[in-house]
Amino acid sequence: MGTETEYGISVKNAREQDPVAASTLVVNAYKTCRGDVPSTATSVTWDYDQESPLMDARGFLAETETPISEADTSSAVNDILINGGRYYVDHAHPEYCTPECANARDLLLYEKAGELILEVSRLAAERLLLDNQEVIIYKNNTDYKGHSYGAHENYLMSRKVPFDTIVDGLMPFLVTRIIITGSGKVGAENGSEETDYQISQRADFFEKEVGLSTMVNRPLINTRDEPHADDKLYRRLHVIVGDSNMSEFSIYLKAGITSIALQLIEKGVVGKKFSLKDPVAAIKCISRDLSCKEEIELADGKQWAPIEVQRAYLKLAQEHLTPEERTPIVEDVLKKWQFVLDNLEVDPGRLSRYLDWIIKKKLLDAYRKRHGYQWDDAHVRMLDLQYHDIRPDKGLYIRLLKNGHVKRLLSHEEIVHAMHYPPVDTRAYFRGTCLRRFPKHIYSASWNSMIFIGKSGGLDKIMMDRPHFGTQKIVGELLNNCTAEELVKEIRGDASG
Amino acid sequence: MSTEKQQEHLNRHVDETEEIQPDVGNGEMDEEFVEDLDTLLDEIDEILEEDSQEFVENYIQRGGQ
């Protein structure tokens, strides 16, 4: 699994806002401050041959979105990271993609490493600006004026599961999980019903149930089918309906419970049991109900509160996951899932150190009370925005974390480590370690390929179509004891033999 | 960090899960906590962007994905 986060960006005291230029400045600035990698490594390019973002999971090619033109891609800034992730400019936002992670805890770790990478680049970019100018970066999803940018999750699934089965089983889960994964937002957008405060940043932006687009007329379930792996075996489920989270607890649970829900769907135990009558309306309704108790209508006429729907998935997990599937992390996720649902049931206020939308709500309530501000006051919106500021001295979430007001799951030391080293148990290990060991010998890379520069200047492409291969266990010894030429020879030999 | 160390972190993390405790409900905040929150609000008053009105109005992004 992995996540892709688009960050909001603004330059204070700039004569004119140019988000593309600002994003490019920030992403490029990271190259100048990566002391650990020889500068030649930064010229490694992204191998676009492996990308087909317009392939649809239902088996046809895209018609609605125009493919990116050559001119666009040539100006795009791309950077593959030694932690196995990717950092580039997407549209008008800096975007960080985690490397492939095998469990929810690693996912959290590498997403948090991304926040540090952005902060390091932000500082480096500021040195290139006028003294009175500041680069401000937000890990949120909206400018409160109807423009949203995404926080996408990707999960590897078996190709054997028909896409309709995924839609049936996943829709009620995604719509109701916002009570755990929401980041909280002041006000409403995109023509949705007015409200003071709502659970999800993104809920207002979803207009249909299933589809391919990600930028307009957004669907709750995205049909992009681009596995970046052997497409006969795998699909990559692209989840676009989530919020950008600051809280470690929220990120960890989001990845953990969604993986479990998908495992249940693969096992065929969910079916259409929880299908909702109107998922698009339901997600907006749930987002506006801060008690999490208002019932929504299921397709069969039953009325369930979102907590009940989540409990039903948890129960299926407890019944159907095998002892081997219940790894220590999965066990821990199940326990925290139950903890969160139990406490939401009693009073969501009890989770004011755990879940973003509740942490933020408590802060906003106390702040409004002190100053007597109404919900629509600019100060209140400013506080909402600044909760997501990635600067340690200005970001309100980070201040809460430092003062011990929110639950920590990671140490700072391990987050810094994850900026520079890949996870050990996915193919990201191979990608990240090759970039660290052989920067001068790598011509380009993508999620499932690496192109090495041979001795005579020829290019050797290594495909990595199995995300579970290329791990430290499998290639660690080889990688750390050979030259780039020997490595390519060894792999080529394996492939032909 | 070595693999062993990562594993150690992982194990420790999993052992620590007993720690999760709900917070007291909003209605029954203890005094220490209220003081803490007050300090935090003082901090927010200091660090919140000046000219909130202008800042929030000018924060405009291009839609992304």
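Lettering of chains follows the sequences in order, A, B, ..., and the numbering in each one begins at 1.
- With respect to chain B, the highest number of heavy-atom pairs below 4.5 Å among A:Asp342, A:Ile240, A:Leu383, A:Ile9 belongs to A:Ile9.
- Checked for salt-bridge contact, A:Asp425 and A:Lys473 miss the test: no charged N lies under 4.0 Å from a carboxylate O.
- For a residue to count as touching a neighbouring chain, one of its non-hydrogen atoms must lie under 4.5 Å from one of that chain's; by this rule A:Val340 does not touch chain B.
- Side-chain contact annotation: A:His405 with A:Lys362, donor-acceptor N/O pair under 3.5 Å absent.
- With a threshold of 4.5 angstrom between heavy atoms, A:Ile136 approaches chain B through side-chain atoms but not through N, CA, C or O.
- Contacts of A:Leu396 with chain B are made by side-chain atoms alone, with heavy-atom separations under 4.5 Å and no backbone atom involved.
- Of the charged side-chain nitrogens involved, none lies within less than 4.0 Å of a carboxylate oxygen, so that A:Asp365 and A:Lys369 do not count as a salt-bridged pair.
- Both the backbone and the side chain of B:Tyr59 come within less than 4.5 Å of a heavy atom of chain A.
- Contact count against chain B (heavy-atom pairs under 4.5 Å) is highest for A:Ser148 among A:Ala92, A:Gly404, A:Pro348, A:Ser148.
- Using a 4.5 Å cut-off between heavy atoms, A:Tyr367 touches chain B through backbone and side chain atoms alike.
- Residue A:His93 touches chain B through its side chain alone, counting heavy-atom pairs closer than 4.5 Å.
- The contact between A:Asp393 and chain B is made entirely by backbone atoms, counting heavy-atom distances below 4.5 Å.
- With a 4.5 Å cut-off on non-hydrogen atoms, A:Lys145 touches chain B through its side chain but not through its backbone.
- Using a 4.5 Å cut-off between heavy atoms, A:Phe205 does not touch chain B at all.
- Contacts of A:Tyr138 with chain B are made by side-chain atoms alone, with heavy-atom separations under 4.5 Å and no backbone atom involved.
- With respect to A:Arg353 and A:Glu248, no salt bridge is recorded, no charged nitrogen being found less than 4.0 Å from a carboxylate O.
- With chain B as the partner, the residue from A:His91, A:Gln386, A:Glu331, A:Lys394 showing the most heavy-atom pairs under 4.5 Å is A:Gln386.
- Between A:Lys402 and B:Glu43 there is no salt bridge, since no side-chain N of the basic residue sits under 4.0 Å from a carboxylate O of the acidic one.
- Using a 4.0 Å cut-off between charged nitrogen and carboxylate oxygen, A:Lys12 and B:Asp51 do not count as a salt-bridge pair.
- Taking the six-membered ring for Trp, A:His238 and A:His152 have ring centres closer than 6.0 Å.
- For A:Asp18, the side-chain hydrogen bond (donor to acceptor under 3.5 Å, both in side chains) test picks out no residue, with sequence neighbours left out.
- Judged by distance alone, the side chains of A:Asp377 and A:His371 never bring a donor and an acceptor atom under 3.5 Å apart.
- Of the atoms belonging to B:Leu41, heavy atoms from both backbone and side chain fall under 4.5 Å from chain A.
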